[in-house]
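Take a look at the structure below.
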There are 2 protein chains.
Amino acid sequence: MQFSKSTDYALHALIHLGLPERDTNVGIKELSATLGVSESYLSKIMSKLRQDGIVRAVPGVNGGYELARPADQITFLDVIQVIEGRQQLFECSNMNSRQHQLLAQEGAAQQEQPARNGCLVEKVMEGAEEHLHQYLREHTIQTVLDEALKHRSHESHKK
Amino acid sequence: MQFSKSTDYALHALIHLGLPERDTNVGIKELSATLGVSESYLSKIMSKLRQDGIVRAVPGVNGGYELARPADQITFLDVIQVIEGRQQLFECSNMNSRQHQLLAQEGAAQQEQPARNGCLVEKVMEGAEEHLHQYLREHTIQTVLDEALKHRSHESHKK
DNA sequence: TTTATCATAGACTTCACAGGTCCATAATTG
DNA sequence: CAATTATGGACCTGTGAAGTCTATGATAAA
């Protein structure tokens with residue numbers, strides 16, 4: 001149960017694109033050199049980000065990538081869902097086991113409750129996932145940029 | 001990024017052990033029949049739970065498993081960490097990339113800040129993980145049992 | 001219009017691990 | 001002792017993460 005390295009690379013790449021000093025397009029060479037990942041592998045990740053409208057890409061000389069929208073409108077959840085997919089964190093694998101039938105016995109016997117209300121374990125997990133998502137929606141690429149710049153200015157202030 | 005099926009099985013097995021009607025030990029046969037999983041596979045999961053002190057096991061005739069402590073003291077987090085391991089949700093894979101050096105440049109230049117404060121992306125993720133864990137600590141096997149029994153009594157009340 | 005530069009997409013490889021089976025062994029009770 | 005139950009290890013298989021390589025397509029500068 002861990003986020004993939006691709007998610008790591010994607011987030012770091014987006015942060016690089018969001019740094020204020022560089023307003024022009026950033027090529028895959030610079031990105032891969034900065035992150036320490038191969039160009040070919042990082043390319044696929046960037047492609048995914050482009051397909052989902054997180055970044056824009058222009059080919060040709062002086063081409064490269066740039067953020068498709070302001071850094072404070074790219075949430076951690078956005079990035080994670082693009083790379084990891086949108087499958088839910090937990091999925092009950094045996095909804096017609098004897099256990100689930102037992103836990104819903106009365107309703108089924110009298111046909112009063114035709115809508116099988118799903119797995120109780122799954123419900124708890126859905127709550128957990130929603131909590132997690134809420135947090136990840138509140139944190140954006142800009143959040144990290146702010147933190148980085150705060151450190152910098154704090155250091156240069158001490159000087 | 002999904003919890004494994006083993007976690008699913010473990011949680012459902014613990015719920016079965018926590019049901020009030022059965023006070024005696026529950027064998028692997030009954031468990032596997034109830035959950036719809038093979039005995040051999042479920043055995044290994046139960047062994048893990050035993051090694052971590054979640055359940056007790058007694059071999060021999062009329063042996064089986066029982067909860068090692070009250071159901072309200074077995075949290076979802078406990079179970080998940082036993083099965084999935086205790087590795088963190090996110091780990092920055094290239095802490096000495098050019099990007100991290102750039103984001104910590106001033107401090108390094110003047111040697112005033114020898115302690116490299118970790119990756120900023122990782123920090124956000126650690127916050128997310130802590131949120132998730134908090135939720136998972138607040139939900140126990142008893143939480144699900146209560147929910148299940150509430151449904152039952154609600155149904156029989158309508159009758 | 002050619003050419004160098006860049007992104008894109010697909011095929012392919014490697015490796016680790018989830019998911020699962022099977023068997024031999026040990027412990028317990030009647 | 002014998003039947004029953006849990007434990008541990010060896011083993012198999014499929015899938016997906018992680019990564020490389022190559023051919024193709026788009027673009028801008030010369």
Side-chain angles (χ1 to χ4, degrees), chain A residues 1-10 12-13 17 24-33 35-68 80 82-87 89-94, chain B residues 1-13 17 24-33 35-68 80 82-85 87 89-94:
Chain A
M1 244 294 287
Q2 242 195 179
F3 287 113
S4 66
K5 290 196 176 185
S6 294
T7 295
D8 184 353
Y9 299 150
H12 279 98
L17 295 183
T24 174
N25 284 341
V26 179
I28 194 71
K29 271 189 169 44
E30 179 177 335
L31 274 179
S32 85
L35 300 191
V37 196
S38 78
E39 298 181 24
S40 44
Y41 190 45
L42 191 54
S43 291
K44 314 186 105 179
I45 297 171
M46 297 309 292
S47 276
K48 271 194 184 177
L49 292 176
R50 186 194 59 88
Q51 288 170 7
D52 255 66
I54 308 281
V55 302
R56 266 189 300 266
V58 335
V61 182
N62 291 333
Y65 301 95
E66 62 179 356
L67 299 186
I80 289 171
V82 168
I83 304 297
E84 307 276 339
R86 275 150 185 96
Q87 51 180 342
L89 206 65
F90 182 90
E91 220 165 339
C92 182
S93 52
N94 49 346
Chain B
M1 243 293 286
Q2 242 195 180
F3 287 113
S4 66
K5 291 195 175 186
S6 294
T7 295
D8 184 352
Y9 299 149
L11 287 168
H12 279 97
L17 295 182
T24 173
N25 284 341
V26 178
I28 195 71
K29 270 189 171 43
E30 179 177 334
L31 274 179
S32 85
L35 301 191
V37 196
S38 77
E39 298 180 25
S40 44
Y41 190 45
L42 190 55
S43 291
K44 314 186 106 176
I45 297 172
M46 297 310 294
S47 275
K48 273 194 184 177
L49 292 176
R50 186 194 60 88
Q51 287 169 7
D52 254 67
I54 309 280
V55 302
R56 267 188 300 265
V58 338
V61 182
N62 291 333
Y65 300 95
E66 60 179 356
L67 299 185
I80 289 170
V82 169
I83 304 296
E84 308 276 339
Q87 52 179 340
L89 206 64
F90 181 91
E91 221 165 338
C92 183
S93 51
N94 47 348

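Naming convention: chains lettered A, B, ... in sequence-line order (proteins, then strands); numbering from 1 in each chain.
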Roughly, in whole Å, what's the span from [atom1] in [X] to [atom2] in [N]?
X: Q2(A); N: dA16(C); atom1: CD; atom2: P; answer: 15 Å
X: L35(A); N: dA18(D); atom1: CG; atom2: P; answer: 15 Å
X: Q87(B); N: dA16(C); atom1: CD; atom2: P; answer: 15 Å
X: Y65(B); N: dT5(D); atom1: OH; atom2: P; answer: 12 Å
X: I28(A); N: dC21(D); atom1: CD1; atom2: P; answer: 16 Å
X: L42(B); N: dC22(C); atom1: CG; atom2: P; answer: 16 Å
X: N25(B); N: dA27(C); atom1: CG; atom2: P; answer: 18 Å

Are any of [X]'s side-chain N or O atoms less than 4.0 Å away from OP1 or OP2 of [N]?
X: Y9(B); N: dA18(C); answer: no
X: Y41(A); N: dT8(C); answer: no
X: S4(A); N: dA17(D); answer: no
X: S40(B); N: dG20(C); answer: no
X: Q51(B); N: dG8(D); answer: yes
X: R50(A); N: dA9(C); answer: yes
X: S38(A); N: dT20(D); answer: yes

Which part of the nucleic acid, if any, lies within reach of V58(B) when heavy atoms closer than 4.0 Å are counted: base, sugar-phosphate only, or nothing?
sugar-phosphate

So what does F3(B) hit on the nucleic acid, given a heavy-atom distance under 4.0 Å: a base, only sugar-phosphate, or nothing?
nothing

Can you tell me which nucleotide in [options] comes closest to the side chain of [X]?
X: K5(B); options: dG19(C), dT7(D), dT8(C); result: dG19(C)
X: P59(B); options: dT5(D), dT27(D), dA3(D); result: dT5(D)
X: V61(B); options: dG19(C), dA6(D), dT4(D); result: dT4(D)

Compare all side-chain heavy atoms of [X] with those of [Y] and state whether any distance is below 4.5 angstrom.
X: M1(A); Y: S4(B); value: no
X: I45(A); Y: K48(A); value: no
X: N25(B); Y: N62(B); value: no

Using only heavy-atom distances, decide whether a donor-acceptor pair under 3.5 angstrom links the side-chain of K44(B) to the base of dT21(C).
yes

Result for 5'-nearest mapping on DNA chain D, choosing between E84(A) and M46(B), is M46(B)

We want to know whether Y41(B) and S32(B) form a side-chain donor-acceptor pair, criterion being a heavy-atom distance below 3.5 angstrom.
no

Audit row: F3(A), D8(A), side-chain contact (heavy atoms from CB on, under 4.5 Å) steps and yes/no:
CA-CA 8 Å; F3(A) 287 113; D8(A) 184 353; over 6 Å; no

